[in-house]
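Shown next, in structure tokens, is the structure this report addresses.
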Amino acid sequence: VSTPIEEVSRGDLYLRGGGYGAEAFKVDGQDVIEMYNATKRAVELCQQGKGPVVIEAITYRHAGHHVNDPGKYMPQEKLDYYKIHDPVLVCQKHLLKAGVEETDIKDIEASVEKEIEEAVDFAMASAEPDLAQFLSEIEA
């Protein structure tokens with residue numbers, strides 16, 4: 001949970017894919033375009049019967065591992081770097097570079113927020129499943 005991957009693994013994780021005969025690559029998990037291209041390529045390879053594919057997407061949490069974890073073990077310098085390379089901010093830069101107006105980006109954000117709020121409201125208003133129903137669904 002709080003141990004940096006560099007301290008528990010030697011080298012890049014994606015390289016392990018080769019040991020299993022899998023195509024493998026490393027991408028910037030903070031960049032929506034890089035992620036799209038990587039996953040698109042992985043799907044193409046799998047559809048051609050050349051899968052599986054390993055994708056190591058480099059990303060970083062902005063906070064602790066769970067709501068009660070203040071994340072004090074996270075180096076401030078690394079947090080600062082990843083906060084300015086947040087996937088949403090990176091995506092906004094791509095959109096602006098492509099000619100999308102800031103007002104359109106704000107409209108997209110408002111639409112997403114509304115959709116999230118509606119989903120949360122739906123979930124909160126939904127009845128809890130009984131234990132037998134829950135167990136039957138996880139056993140299936």
Side-chain angles (χ1 to χ4, degrees):
V1 172
S2 61
T3 304
I5 193 72
E6 312 75 58
E7 291 182 22
V8 293
S9 180
R10 189 180 275 181
D12 294 321
L13 296 178
Y14 81 100
L15 295 173
R16 296 178 182 186
Y20 297 98
E23 179 78 27
F25 37 92
K26 180 178 180 175
V27 296
D28 179 356
Q30 303 286 108
D31 188 320
V32 67
I33 302 298
E34 281 194 41
M35 286 302 305
Y36 172 80
N37 290 332
T39 53
K40 182 179 178 192
R41 179 72 180 132
V43 168
E44 289 168 354
L45 288 166
C46 290
Q47 289 173 336
Q48 295 166 7
K50 298 176 182 173
V53 177
V54 174
I55 300 172
E56 181 180 3
I58 306 302
T59 189
Y60 198 76
R61 290 189 322 271
H62 290 190
H65 194 70
H66 53 80
V67 295
N68 295 320
D69 176 3
K72 297 204 184 284
Y73 51 85
M74 302 170 82
Q76 190 61 47
E77 162 181 310
K78 202 167 189 178
L79 276 170
D80 292 343
Y81 172 84
Y82 278 102
K83 282 183 180 179
I84 62 172
H85 292 90
D86 180 271
V88 174
L89 298 176
V90 172
C91 184
Q92 287 173 349
K93 289 176 188 174
H94 283 302
L95 291 171
L96 290 169
K97 188 176 177 183
V100 176
E101 298 291 328
E102 277 194 53
T103 54
D104 292 331
I105 293 172
K106 297 231 180 280
D107 289 344
I108 292 167
E109 289 173 345
S111 173
V112 169
E113 286 294 327
K114 183 176 185 258
E115 191 172 335
I116 291 169
E117 286 175 23
E118 289 170 357
V120 168
D121 290 344
F122 174 80
M124 296 302 283
S126 297
E128 293 283 335
D130 64 45
L131 182 59
Q133 178 187 356
F134 172 76
L135 292 175
S136 73
E137 290 181 14
I138 62 169
E139 292 172 355

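FYI, side chains are in, hydrogens and waters are out, and symmetry mates aren't considered; it's all heavy atoms of this structure. One-based numbering along the sequence shown.
Heavy atoms of other residues, nucleotides or ligands lying less than 6.0 angstrom from CD of Gln48 number more than 12. More than 12 heavy atoms of other residues, nucleotides or ligands lie within 6.0 Å of CD in Gln76, so this atom counts as buried by the packing criterion. Heavy-atom neighbours of Tyr60 OH from other residues, nucleotides or ligands within 6.0 Å: above the threshold of 12.
Between Ile105 and Leu95, some side-chain heavy-atom pair lies under the 4.5 Å cut-off. Contact check for Val32 versus Pro87: no side-chain heavy atoms found under the 4.5 Å cut-off. You'll find the side chain of Arg16 stays beyond 4.5 Å of the side chain of Val54, heavy atoms only. For the pair Glu56 and Phe25, the minimum side-chain heavy-atom distance is 4.5 Å or more.
The CD atom of Glu113 sits 10.5 Å away from atom CD of Glu115, with the distance rounded to the nearest 0.5 Å. The line from CG of Leu45 to CD of Glu23 is 5.5 Å long, rounded to the nearest 0.5 Å. In this structure, the separation between CG on Asp12 and CD1 on Ile58 is 6.5 Å, given to the nearest 0.5 Å. Here the CE atom belonging to Met74 is positioned 5.0 Å from the CZ atom belonging to Arg61, to the nearest 0.5 angstrom. Here OH of Tyr82 is found 6.0 Å from CD of Gln30. Values are rounded to the nearest 0.5 Å. Here the SG-CD1 distance, from Cys91 to Ile108, works out to 8.0 Å after rounding to the nearest 0.5 Å.
Between the Ser111 side chain and the Asp107 main chain, no donor and acceptor come within less than 3.5 Å of each other. Side-chain N or O atoms of Asp86 include one that pairs as donor or acceptor with a backbone N or O of Val88 at under 3.5 Å. In terms of modelled atom types and a separation under 3.5 Å, the side chain of Asp69 and the main chain of His65 share a donor-acceptor contact.
Side-chain contact, Glu137 with Gln133: a donor N or O sits under 3.5 Å from an acceptor N or O. For the residue pair Asp31/His85, the side-chain donor-acceptor check at 3.5 Å is not satisfied.
The cluster map of Ile, Leu, Val, Met, Phe, Trp and Tyr, joined by side-chain heavy atoms under 4.5 Å apart, puts Ile84 and Leu79 in different clusters. Cluster annotation: Tyr81 and Tyr73 are assigned to the same hydrophobic cluster (Ile/Leu/Val/Met/Phe/Trp/Tyr, side-chain heavy-atom contacts under 4.5 Å, transitive).
A salt bridge does not link Glu102 with Lys106: every distance from a Lys NZ or Arg NE/NH1/NH2 to an Asp or Glu carboxylate oxygen is 4.0 Å or more. A salt bridge links Glu6 with Lys78: the closest approach of a Lys/Arg side-chain nitrogen to an acidic carboxylate oxygen falls below 4.0 angstrom.
Among all heavy-atom pairs drawn from Pro52 and Ala22, the shortest one is O-CB, 3.4 Å. The nearest pair of heavy atoms linking Ala24 to Gly17 is CB-CA, 4.2 Å.
Results of the side-chain contact (heavy atoms from CB on, under 4.5 Å) test with Thr39 over Val27, Ile55, Val53 single out Ile55 as the only residue that passes.
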